[in-house]
Amino acid sequence: MKERYFLYDDTENTKTRFVSFVGDNQRFDLAIVQTDRHFGKHLVLDMQGSRFAIIGEDDLREEGYLEYAFQLNEEDAEELRSYLTELL
């Protein structure tokens with residue numbers, strides 16, 4: 001058997017917030033994970049769309065980031081951006 005080469009293998013306590021809300025066009029089911037990793041950014045998992053992104057305040061200001069990360073149209077991305085801006 002070939003030896004497995006780990007880049008890292010850490011266990012960490014995290015804080016996870018599960019939230020679901022309905023926008024004008026779609027439902028958002030999110031898991032938002034806070035860890036000591038990712039330089040203070042949050043791991044945001046879209047459980048409906050099976051996508052995730054590491055998001056901080058700077059990412060929310062970046063044009064097109066949420067649209068790309070979660071494959072959303074501009075209107076749906078703005079609803080998600082509005083929620084995440086309040087949270088982060």
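Nothing fancy with the numbering, it's 1 onward along the sequence.
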Between atom [atom1] of [X] and atom [atom2] of [Y], what is the distance when rounded to the nearest 0.5 Å?
| X | Y | atom1 | atom2 | answer |
| --- | --- | --- | --- | --- |
| N25 | E75 | CG | CD | 4.5 Å |
| R51 | L45 | CZ | CG | 12.5 Å |
| D9 | T11 | CG | OG1 | 6.5 Å |

Show the nearest heavy-atom pair for residues [X] and [Y], with the distance to one decimal.
| X | Y | value |
| --- | --- | --- |
| E79 | G23 | OE1-CA, 3.3 Å |
| F70 | I55 | CE1-CD1, 3.7 Å |
| N73 | D76 | OD1-N, 2.7 Å |
| D46 | L30 | CA-CD2, 4.0 Å |
| S20 | R27 | OG-NE, 3.5 Å |
| L66 | A77 | CD1-O, 3.8 Å |

(message) Tell me if the aromatic rings of Y83 and F28 count as close, with their centers under 6.0 Å from one another.
(response) no
(request) Flag yes if more than 12 heavy atoms outside Y68 fall under 6.0 Å of its OH atom; otherwise flag no. (result)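 For Y68, atom OH is not crowded (no more than 12 foreign heavy atoms under 6.0 Å).
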(message) Tell me if the CD atom of Q71 is crowded by more than 12 foreign heavy atoms within 6.0 Å.
(response) yes
(request) Check for a donor-acceptor pair, side chain of R81 on one end and backbone N or O of L60 on the other, with a separation under 3.5 Å. (result)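 Yes: the side chain of R81 pairs with the backbone of L60.
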(request) Output yes when a side-chain donor or acceptor of E12 lies under 3.5 Å from a complementary backbone atom of D36, and no otherwise. (result)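 Such a contact is found between E12 side chain and D36 backbone.
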(request) Could you point out which residue of I32, V33, L87 forms a side chain to side chain contact (heavy atoms under 4.5 Å, CB included) with H42? (result) I32
(message) If you define the side chain from C-beta out and look only at heavy atoms, does anything of R37 sit under 4.5 Å from L43?
(response)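 Result no, sub-4.5 Å side-chain heavy-atom pair not found.
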(request) Report whether M47 and L80 are members of the same hydrophobic cluster (ILVMFWY, side-chain heavy atoms less than 4.5 Å apart, transitive linking). (result) no
